[in-house]
Number of protein chains: 2
Amino acid sequence: MLNQSLAAAPVRPHWGQPAPGDAEESPLLSRHPELVVTEFTYGRDKCIFGEGEIAEYVYQVMRGAVRSYRLLNDGRRQIGAFRLVRDVFGLESGSSHRLTAEAICETKVRMVKRRSLEAAAKSDVVVACQLWTMTANELRHAEDHMLLLGRKTAAQRVATFLLELDRRISVSGEVALPMTRCDIADYLGLTLETVSRTVTQFHEKGVLTLSGPRHIRLRDRARLAAMAA
Amino acid sequence: MLNQSLAAAPVRPHWGQPAPGDAEESPLLSRHPELVVTEFTYGRDKCIFGEGEIAEYVYQVMRGAVRSYRLLNDGRRQIGAFRLVRDVFGLESGSSHRLTAEAICETKVRMVKRRSLEAAAKSDVVVACQLWTMTANELRHAEDHMLLLGRKTAAQRVATFLLELDRRISVSGEVALPMTRCDIADYLGLTLETVSRTVTQFHEKGVLTLSGPRHIRLRDRARLAAMAA
DNA sequence: CGCGAATTTGATCGACATCAAGTACCGTGG
DNA sequence: CCACGGTACTTGATGTCGATCAAATTCGCG
């Protein structure tokens, strides 16, 4: 039968083991073979670095997912970014990390000594430019996210989030969420109940289908984009 | 009488004409005399550059104040930053501006061609590093502001804002606000009514005194700081 | 002084938070 | 393979903070 490929083939989630050669090359690391790269795997909810710690390494996610967040003294949490496969994080201009980074699920990272990167930047303008560009890309994301947190409604926030994840990690049209509703809520400045209700409403409206709470398939990206404002 | 200095001496606001030599030197501009610097003065509410425009110049506020913002399609506005005297803004890693910049009041800026800055950065690692550091400082502010917008209460937001302005522009203990309540609200993700009510409550609690709505004197910074976090 | 804009203040509303059960998922061990 | 248990998720009822609507009042400038 021709439709055997349509049968529920267990799609490997984006954050699982990458295919050989996947996410292997980063422009930053390939130019400078003298940079010592080490790898490490963190278990679920394990801290990679804490807010205020000296920034000794810069990281790249090889497998898994990471949340970067800050806490208010009463425990409220704001996740500033999710770091997904191929993302570089922990790059600081100052000497210390300004957000805590935690593995969301089992996560393998590559690490490069920050000092060695800086040394490479001093002798290679292209590397210096890449460091600047990476920070500028983070800034762009933060600017987008300020608009979301300051002015978007709950539905607009969730729609924006789903489109962001669709763009970044969808595999054959399906988004496999590595994070909980609580993580999503703390990223979007909402409560987990509001996130859950909003996803349910989107499902009822037919803009997405769910196969389990962590597997979302966007059915109408155009409508979702219109809702995201 | 000895108290003549206590009489309402008309304190020059921070954003007025700077004293001779004030804000004259920036590390970026002084190192490279070949950089051509021009000046321009924008009237109140005049646009300096729009979102999406090609980033031809980098700016420094010499006098006045600027708001950088983005709009949602329905007109809701999120101000990402206020640019005050000595602040550099409009520096982009990509080719175009990502936020609109408008003069809040009559504002004098210095402008440097972005291309000439980049040329200087290519030959001078220190300049390249400064560009990176400036972007990283913007990122730090954005990270702080995401926590505020996502998780702080109205009172915490206003307290944070007042302390930020106190640190940046207070003159002999008084903050002279160049911006309206509406600007403040759009910076803090609130409405102008909520900002007004909150300032009134702070006044009633005695943490600040007002001499006109645009002149605030912080009476109890410690309490305000406790409220901010 | 007088005018328009900015600000304050009051009354009411509503979106989202909070509190509280239920239900589904999923990894573990029998 | 299935039963079990804990966590994650959904759903419902109610509460509340800040938004919205609506006037005053004040400010600041010509």
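Nothing here was measured: the structure is a model prediction, and the numbers come from that model. A, B, ... follow the sequence lines: proteins, then strands. Residue 1 opens every chain.
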I need the [atom1]-[atom2] distance between [X] and [N], as an integer number of Å.
X       : N       : atom1 : atom2 : result
Q201(A) : dT10(D) : CD    : C1'   : 12 Å
F202(B) : dT8(C)  : CZ    : C1'   : 16 Å
L177(B) : dC27(D) : CG    : C1'   : 14 Å
H215(A) : dC26(C) : NE2   : C1'   : 11 Å
R151(A) : dA15(C) : CZ    : P     : 16 Å
L192(B) : dA19(D) : CG    : C1'   : 11 Å
L149(A) : dA15(C) : CG    : C1'   : 17 Å
D186(A) : dC9(D)  : CG    : P     : 12 Å

Return no unless some side-chain N or O of [X] is found under 4.0 Å from OP1 or OP2 of [N].
X       : N      : value
T200(B) : dT9(C) : yes
R181(B) : dT8(C) : yes
R197(A) : dC9(D) : no

| query | Under 3.5 Å, is there a donor-acceptor pair between the side chain of H145(B) and the main chain of Y187(B)? | reply | yes
Exercise for the section: Look only at the side chain of R151(A) and the backbone of R77(B), and say whether a donor-acceptor pair between them is shorter than 3.5 Å. Expected result: yes
What's [X] touching, base or sugar-phosphate or nothing? Going by heavy atoms closer than 4.0 Å.
X       : result
R44(B)  : sugar-phosphate
L190(A) : sugar-phosphate
T191(B) : base

Notebook entry, point to check: Among R98(A), E51(A), R83(A), whose side chain to side chain donor-acceptor pair (under 3.5 Å) with S68(A) holds?
Noted result: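 Going through R98(A), E51(A), R83(A) one by one, the side chain to side chain donor-acceptor pair (under 3.5 Å) with S68(A) is satisfied by R83(A) alone.
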### Message
Quick check: on DNA chain C, is the nucleotide nearest R214(A) upstream (toward 5') of the one nearest K152(A), or the reverse? Name the residue that is more 5'.
### Response
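Here K152(A) is the residue nearer the 5' end.
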query: For DNA chain D, whose closest nucleotide is more 5', that of S196(A) or that of R157(B)?
result: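 Per heavy-atom nearest nucleotide, the more 5' residue is S196(A).
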Checklist entry - Do F49(A) and Y59(A) have ring centroids that are under 6.0 Å from one another? => result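 Centroid separation for Y59(A) and F49(A): below 6.0 Å.
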Taking dA17(C), dT8(C), dC9(D) as options, the one with an atom nearest any side-chain atom of T194(A) is dA17(C)
- Side chain of E193(A): nearest nucleotide among dT10(D), dC19(C), dA6(C)?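 Looking only at side-chain atoms, E193(A) lies closest to dC19(C).
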Taking side chain as C-beta onward, heavy atoms only, is V109(B) less than 4.5 Å from Y42(B)? yes
Ignoring hydrogens and angles, are the base of dT20(D) and the side chain of R76(B) linked by a donor-acceptor pair under 3.5 Å?
no
